[in-house]
**Student:** 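Here it is, the structure in full.
This one's a predicted model, so the numbers in the text were calculated from it and none came from an experiment.
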Amino acid sequence: MTLPTRLHLGVATSSLQIEGGDTHNDWHDWAQKPGTIRDNSDPATAVDHWQHWREDIELMRNLGIRDYRMSLEWARIEPEEGVFDTDAIAHYRHELEALVEAGIRPLVTLHHFSNPCWFAQRGEFTRHENINCFMRFVYRVVREFRDLVTDWVTINEPNVYVTQAHLFQEGPPADVSWRSVRACLRHLAQAHCRAYMLIHRLQPEAKVGFAHHMRVFVPRVASNPSHRVLTRVARYAFQDAIAQAMLVGEFPVALGTSGGVKPGRYYDFLGINYYSRSAIDKLEDGTIPGAPVNDLGWEVYSDGIVEVTRELAERYNAPVWITENGTCDNGDANADESFRCRFIWDHLNALAHSGLPVERYYHWCFTDNWEWSEGMTARFGLVSVDPATGQRTCKPSALMYRDIIREGALTPDLYDTYVAGQRYREDPQ
């Protein structure tokens with residue numbers, strides 16, 4: 001199957017999850033609390049990309065990757081309120097320059113879950129006045145790097161950020177309240193809309209959007225009326241309401257007032273992070289018994305990437321960038337991975353047959369990374385990293401990805417080489 005010529009294959013990371021070395025962020029503080037991180041690790045180590053960035057860029061270049069989604073760590077750039085670290089800014093400039101010189105187009109995320117400690121102490125996005133702090137950061141960063149970056153993601157997965165922080169106690173500050181959930185979602189949407197306008201004032205030719213985590217929601221038992229109702233509620237509460245506010249500035253009653261944001265178009269592309277399907281019998285994630293799952297128990301449902309893309313593209317009519325898609329595959333005693341090649345193949349094959357306006361696909365993640373509350377126990381990378389030496393090693397999925405990029409197609413030979421022997425795990429329910 002030949003891939004559409006418009007579809008560019010890239011990789012994605014986030015700064016906190018790979019860089020290491022920074023202790024000025026709220027996730028570092030959170031990780032010091034007993035029981036918050038599965039393996040008791042913290043992001044101050046991660047995979048030390050801060051020191052290995054040249055090596056990582058060269059590895060991307062050798063794999064034929066020409067599109068790279070990365071983030072800039074706000075806590076590094078502004079470690080104290082209103083104080084910008086010129087060394088950190090210079091470091092990011094060198095990295096961005098090296099990417100451009102290597103022929104790799106950066107897509108830069110401005111907020112990917114983590115906050116500077118001082119911003120967290122101010123109440124982060126639960127307080128409307130704190131949006132101005134984020135806008136100051138956006139202004140400084142875009143002015144610094146607009147000669148190197150034309151593509152921006154303002155905020156990554158606002159719905160996941162809020163549920164981690166204010167609903168399920170899976171991340172800082174673990175302030176569980178519906179009032180905080182509502183306020184935080186509202187202010188993140190306002191921040192995105194304001195950042196969209198600001199970036200276009202500074203850089204009229206920029207392409208700006210946000211990365212929206214979308215899932216397919218289905219009733220766990222299709223014939224159960226309460227499951228069907230809860231499915232509609234979960235889908236709207238998790239992804240539809242926030243999309244409406246962030247994309248077109250229309251704030252439903254569930255979120256509250258717009259804070260001065262006027263209805264309009266606040267996107268140049270539709271960014272979608274897609275991982276899984278949720279089977280609903282109550283207001284939390286579930287899986288369909290017997291469905292294939294990854295090593296975190298998430299259902300593997302490749303048709304879902306088409307379903308969520310079609311839903312958003314038909315409603316909002318814009319090019320789609322799959323800003324994240326990947327899976328946790330920890331392999332076994334004999335291999336680094338068991339089914340990642342099949343996962344990538346199945347999702348790309350679904351997109352290739354869809355006829356949808358998908359321009360970019362960023363695989364999550366380039367290297368194994370510090371996966372939030374899972375620490376280093378959940379491996380999403382195309383590339384493994386030795387924790388003792390920092391040595392990078394390409395997994396079979398990295399080599400397959402290289403060959404798909406080279407061929408511009410999903411060929412029978414590639415399937416036989418990389419995919420044929422791989423099987424998903426089965427949900428034991």
Side-chain angles (χ1 to χ4, degrees), residues 6 8-16 18-19 21-22 49-79 82-112 114 116 131-156 191-211 265-271 318-319 321 323 359-360 362 366:
R6 67 174 178 270
H8 295 264
L9 304 186
V11 292
T13 65
S14 85
S15 52
L16 186 87
I18 63 169
E19 286 180 349
D22 180 61
H49 173 78
W50 193 253
Q51 303 299 328
H52 288 265
W53 63 269
R54 293 180 181 85
E55 178 183 348
D56 288 343
I57 290 174
E58 181 63 14
L59 184 52
M60 275 187 258
R61 190 185 67 80
N62 289 338
L63 290 171
I65 290 164
R66 295 293 176 264
D67 285 276
Y68 176 45
R69 181 184 169 209
M70 58 179 286
S71 66
L72 306 177
E73 191 59 31
W74 184 2
R76 284 191 186 274
I77 292 175
E78 192 180 359
V83 178
F84 291 89
D85 187 325
T86 55
D87 289 340
I89 291 170
H91 179 104
Y92 282 124
R93 169 161 285 277
H94 294 325
E95 185 172 350
L96 288 165
E97 287 173 341
L99 285 165
V100 172
E101 289 170 6
I104 300 171
R105 174 173 50 184
L107 168 61
V108 172
T109 302
L110 295 167
H111 188 274
H112 197 124
S114 56
I131 297 174
N132 290 330
C133 301
F134 180 65
M135 298 305 295
R136 179 179 62 218
F137 169 70
V138 172
Y139 179 81
R140 180 62 181 265
V141 164
V142 175
R143 286 200 63 188
E144 290 282 356
F145 301 126
R146 59 187 169 182
D147 59 320
L148 297 167
V149 179
T150 59
D151 304 337
W152 304 92
V153 168
T154 56
I155 294 168
N156 180 73
H192 161 73
C193 294
R194 288 177 56 183
Y196 177 90
M197 294 186 292
L198 173 61
I199 294 169
H200 275 289
R201 285 200 298 271
L202 295 171
Q203 191 180 19
E205 75 281 9
K207 293 181 180 179
V208 186
F210 84 104
R265 177 169 169 143
Y266 297 97
Y267 61 98
D268 303 310
F269 60 88
L270 298 169
W321 298 359
T323 38
E359 295 183 341
R360 303 186 197 176
Y362 294 88
F366 175 54

**Student:** Distance-only criterion, 3.5 Å: show the donor-acceptor pairs between side-chain atoms of residues 203-211 and protein atoms not counting sequence neighbours.
**Tutor:**
from, atom 1, to, atom 2, distance (Å)
Gln203, OE1, Trp152, NE1, 2.8
Gln203, NE2, Arg146, O, 3.1
Gln203, NE2, Val149, O, 2.6

**Student:** Applying side chain to side chain donor-acceptor pair (under 3.5 Å), name anything that partners Asn62, two or more places apart in sequence or on another chain.
**Tutor:**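 Counting only residues at least two positions away or on another chain, Asn62 forms no side chain to side chain donor-acceptor pair (under 3.5 Å).
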
**Student:** My understanding is that only residues two or more places apart in sequence, or in another chain, count here; which of them pass salt bridge (charged side-chain N to carboxylate O under 4.0 Å, His left out) with Glu73?
**Tutor:**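 Expected list: none.
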
**Student:** Between His91 and Trp50, does the ring centroid distance fall short of 6.0 Å?
**Tutor:** yes

**Student:** List the atom pairs, with distances to 0.1 Å, where a side-chain N or O of residues 82-89 and a protein N or O form a donor-acceptor pair under 3.5 Å, not counting sequence neighbours.
**Tutor:**
from, atom 1, to, atom 2, distance (Å)
Asp85, OD1, Asp87, N, 2.9
Asp85, OD1, Ala88, N, 3.1

**Student:** Would you name the heavy atoms of Tyr362 and Ala12 that are closest together and state the gap between them?
**Tutor:** CB-CB, 4.0 Å

**Student:** Would you please classify the geometry between the Trp74 ring and the His111 ring as parallel, tilted or perpendicular, with 30° and 60° separating the classes?
**Tutor:**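 Rings of His111 and Trp74: perpendicular, over 60°.
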
**Student:** Of all residues at least two apart in sequence or in a different chain, which pass the salt bridge (charged side-chain N to carboxylate O under 4.0 Å, His left out) check with Glu359?
**Tutor:** none

**Student:** Taking all heavy atoms of Asp268 and all of Tyr196, pick out the closest pair and write down the distance.
**Tutor:**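 Taking Asp268 first and Tyr196 second, the nearest heavy atoms are OD1-OH, 2.7 Å.
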
**Student:** Run the side chain to side chain donor-acceptor pair (under 3.5 Å) test against Tyr68 and tell me which residues pass, sequence neighbours left out.
**Tutor:**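 For Tyr68, the residues satisfying side chain to side chain donor-acceptor pair (under 3.5 Å) (neighbours in sequence not counted) are Thr13.
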
**Student:** Compare every heavy atom of Arg69 with every heavy atom of Thr323, then report the nearest pair and how far apart it is.
**Tutor:**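 Result for this residue pair: O-NH1, 3.3 Å.
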
**Student:** From Ile199 CD1 over to Asp151 CG, what is the distance, rounded to the nearest 0.5 angstrom?
**Tutor:** 11.0 Å

**Student:** What's the verdict on side chain to side chain contact (heavy atoms under 4.5 Å, CB included) for Trp321 and Leu107, showing C-alpha distance, side-chain angles and the deciding distance?
**Tutor:** CA-CA 11 Å; Trp321 298 359; Leu107 168 61; 3.8 Å; yes

**Student:** Which atom names give the shortest non-hydrogen contact between Leu110 and Phe137, and what distance separates them?
**Tutor:**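 That closest heavy-atom pairing would be O-CE2, 3.3 Å.
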
**Student:** Just to verify, what does His8 make a side chain to side chain donor-acceptor pair (under 3.5 Å) with, not counting sequence neighbours?
**Tutor:**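 So His8 forms no side chain to side chain donor-acceptor pair (under 3.5 Å) with any residue.
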
**Student:** Taking salt bridge (charged side-chain N to carboxylate O under 4.0 Å, His left out) as the test, write out the residues that go with Arg201, two or more places apart.
**Tutor:**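 For Arg201, no residue satisfies salt bridge (charged side-chain N to carboxylate O under 4.0 Å, His left out) once neighbours in sequence are set aside.
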
**Student:** For residues Leu96 and Val108, determine if any side-chain heavy atom of one lies less than 4.5 Å from a side-chain heavy atom of the other.
**Tutor:**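 Yes, close enough: below the 4.5 Å cut-off.
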
**Student:** Does one side chain, of Ser14 or Ser71, offer a donor that lies under 3.5 Å from an acceptor on the other?
**Tutor:**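 No, Ser71 and Ser14 have no side-chain donor paired with an acceptor closer than 3.5 Å.
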
**Student:** Hey, does Tyr266 have a side-chain heavy atom less than 4.5 Å from the side chain of Thr154?
**Tutor:** no

**Student:** Suppose we screen for salt bridge (charged side-chain N to carboxylate O under 4.0 Å, His left out). Which residues come up paired with Arg265, at least two apart in sequence or across chains?
**Tutor:**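 With neighbours one apart ignored, the set is empty.
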
**Student:** Can you tell if the side chain of Ile155 reaches within under 4.5 Å of the side chain of Phe134, non-hydrogen atoms only?
**Tutor:**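 In short, these two side chains touch, coming nearer than 4.5 Å.
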
**Student:** Mind running salt bridge (charged side-chain N to carboxylate O under 4.0 Å, His left out) on Arg136 and Glu78 for me, showing each step along the way?
**Tutor:** CA-CA 10 Å; Arg136 179 179 62 218; Glu78 192 180 359; 2.8 Å; yes

**Student:** Can you list every salt bridge (Lys or Arg N to Asp or Glu O under 4.0 Å) pair that touches residues 91-108, not counting sequence neighbours?
**Tutor:** Asp67-Arg105, Arg93-Glu97, Arg93-Asp147

**Student:** Under the side chain to side chain contact (heavy atoms under 4.5 Å, CB included) test, which residues partner Glu55, sequence neighbours left out?
**Tutor:** His52, Arg392

**Student:** For a side chain to side chain contact (heavy atoms under 4.5 Å, CB included) check, start with the C-alpha distance between Leu99 and Met70, then their side-chain angles and the critical distance, and finish with the verdict.
**Tutor:** CA-CA 11 Å; Leu99 285 165; Met70 58 179 286; 3.7 Å; yes

**Student:** I want to check something: taking the side chain as every heavy atom from C-beta on, are Phe145 and Leu72 in contact at a cut-off of under 4.5 Å?
**Tutor:**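 Yes, their side chains come closer than 4.5 Å.
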
**Student:** CZ of Arg76 to OH of Tyr92: how many Å apart, nearest 0.5 Å?
**Tutor:** 5.5 Å

**Student:** Using the test side chain to side chain donor-acceptor pair (under 3.5 Å), find all partners of Arg66 that sit at least two apart in sequence or belong to another chain.
**Tutor:** none

**Student:** What's the separation between atom CG in Leu63 and atom CD in Glu58, rounded to the nearest 0.5 Å?
**Tutor:**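 Here the rounded value is 10.0 Å.
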
